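A short write-up of the structure that comes next.
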Amino acid sequence: MTRPAVLVARAVFPEVIERLAAHCEVDVNREDRIFTRPELIARLAGKAGAFITGSERIDAELLDANPQLRAVCNMAVGYNNIDVDACTARGVLASNTPDVLTETTADFGFALMMATARRIAESEHYLRRGEWTKWRYDMFAGTDVHGATLGVLGMGRIGQGVARRGALGFGMKVLYANRSRLPADVEATLGAKWVDKATLLRESDHVVVVTPYTPQTHHLVDAAALALMKPTATLTNIARGGVVDDAALAAALKAGRIAAAGLDVFEGEPSVHPALLEVPNVVLTPHIASASVPTRLAMASLAADNLLAALGLGPAAGQPPTPLNPQVLARQG
Ligand code: DGY
């Protein structure tokens, strides 16, 4: 039997490549340079499957140029880089990596929110610049996290993880805005109250953005939304660039409209809006919320499991663990 060929579009753990190589001919982007679109299309020629990350965009044009593709497996829970409908229409299985990163990402969201509220990055830069000459009563005085009101915009698995940390660990009052309401028992455990976006923005001391990026959530936090927030409030974005209007946020931070922000994701990343680099009251990290070694390995392994299974290989042949369009499998079966 001929072994299917797959593309691993970015560098990844060697043990994951070895697992794939036990079943497939593997073409790895060892250089780890993000392929241009024509390069990606060309490199997919003859490939039955692709192991991708958020930096590869999969859409109708790419799929039509590679009609032999049967599976595109994302090493990320977010899948705004994949046109799932276009995949489904062409019988291509798409998958993501939910669950394995929930707690790690919630840890990071909470850490970024705390660093933002307590001005950790800003004060560290000050110390490194050699500007610390004396203690002062108001030096880097920030905002309390314990007992404050936490507003979670988007209450999926990661949002609930952030809310749990706030409610159970820090005695925070939790507000959340989400399309659907949580089951009553989950609300009760978190002491969480379902409110509309405007109420959440007006009443929260710390707003954490955890929604998927879709046309509906584009600039969910824009200048008008920021204008509703308390001047003492913080905003943390661990969702996707584009959910927050970065230019409007930079202007709000500069004007002191809100106290501070923590951003792990950016519109047009890895570029960062230049105005954000100029304001001191923002903590900036390079899209690392899920980046603990065990979690990144779990994500890569899950993406590989999906790829092998979608191609009818390995112990779970035919049953990818986390498909986005399982109806494709039913059709193939
Ligand atoms: C995810 O899993 O969606 C993270 O943002 C990493 O891309």
Side-chain angles (χ1 to χ4, degrees), residues 7-13 16 29 32-35 40 50-59 71-84 87 93-113 115 152-162 178 208-218 220-221 235-244 246 261-272 283-307 320-325:
L7 175 67
V8 176
R10 296 291 308 280
V12 74
F13 298 95
V16 172
N29 175 6
D32 198 33
R33 191 170 54 75
I34 297 178
F35 291 134
L40 179 60
F51 178 114
I52 57 167
T53 69
S55 42
E56 288 71 50
R57 186 160 54 85
I58 305 295
D59 58 15
V72 288
C73 300
N74 219 20
M75 182 184 155
V77 65
Y79 53 90
N80 52 295
N81 57 317
I82 303 178
D83 181 340
V84 178
C87 289
L93 190 283
S95 64
N96 67 339
T97 56
D99 302 321
V100 291
L101 48 56
T102 301
E103 299 303 327
T104 296
T105 306
D107 278 352
F108 187 88
F110 210 83
L112 187 56
M113 187 249 288
V152 182
L153 263 180
M155 198 61 146
R157 288 165 284 222
I158 297 170
Q160 288 175 49
V162 172
N178 198 48
V208 180
V209 184
V210 206
T211 54
Y213 184 47
T214 64
Q216 291 71 41
T217 62
H218 177 72
L220 183 71
V221 180
L235 177 81
T236 298
N237 184 9
I238 55 165
R240 275 290 180 270
V243 178
V244 173
D246 285 349
L263 304 175
D264 185 49
V265 286
F266 305 87
E267 288 189 279
E269 65 184 51
S271 296
V272 175
V283 185
L284 306 167
T285 53
H287 201 147
I288 56 167
S290 63
S292 73
V293 175
T295 292
R296 283 287 165 88
L297 184 56
M299 291 165 69
S301 303
L302 180 53
D305 289 344
N306 276 303
L307 184 52
T322 54
L324 290 165
N325 53 357

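Treat the numbers as computed from the prediction; the structure is a model and nothing was measured. Both ligands and their constituent atoms are indexed starting at 1 by order of listing.
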(request) Provide the number and element of each atom of ligand 1 under 4.0 Å from a heavy atom of Met299. (result)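 The atoms of ligand 1 under 4.0 Å from a heavy atom of Met299 are 2 (O).
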(request) Give the numbers and elements of all ligand 1 atoms closer than 4.0 Å to a heavy atom of Leu101. (result)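 Once the distances to Leu101 are compared, the set is 2 (O).
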Taking distance alone, with no angle check, do [X] and ligand 1 share an N/O pair under 3.5 Å?
X	result
His287	yes
Gly78	yes
Val77	yes

(request) State, with a plain yes or no, whether a side-chain heavy atom of Cys87 is found less than 4.5 Å away from one of Leu93. (result)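 Side chain of Cys87 against side chain of Leu93, heavy atoms only: no contact under 4.5 Å found.
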(request) Indicate yes or no for a side-chain donor-acceptor contact from Asp107 to the backbone of Ala111 under 3.5 Å, with no hydrogens or angles considered. (result)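 No: the side chain of Asp107 does not pair with the backbone of Ala111.
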(request) Drop me the distance from Met299's CE to Thr105's OG1, to the nearest 0.5 angstrom. (result)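 Between atom CE of Met299 and atom OG1 of Thr105 there are 7.0 Å.
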(message) Taking side chain to side chain contact (heavy atoms under 4.5 Å, CB included) as the definition, give me every residue that meets it alongside Val84, ordered by chain and number, with sequence neighbours left out.
(response)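 Result, side chain to side chain contact (heavy atoms under 4.5 Å, CB included) vs Val84: Tyr79, Ile82, Thr88, Leu324, Asn325.
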(request) Report the residues that fulfil side chain to side chain contact (heavy atoms under 4.5 Å, CB included) with Ala303, sequence neighbours left out, ordered by chain and then residue number. (result)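 With neighbours one apart ignored, the set is Phe51, Met75, Thr97.
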(message) Please confirm whether Arg240 approaches ligand 1 to less than 4.0 Å, judged on its heavy atoms.
(response)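 Right, Arg240 reaches ligand 1.
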(message) Between Val16 and Leu297, is the side-chain contact (heavy atoms from CB on, under 4.5 Å) condition met? List the steps.
(response) CA-CA 8 Å; Val16 172; Leu297 184 56; 4.1 Å; yes
(request) Record the part of Met75 in heavy-atom contact with ligand 1 below 4.0 Å; permitted values are side chain, backbone, both and neither. (result)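 The answer is neither; Met75 stays 4.0 Å or more away.
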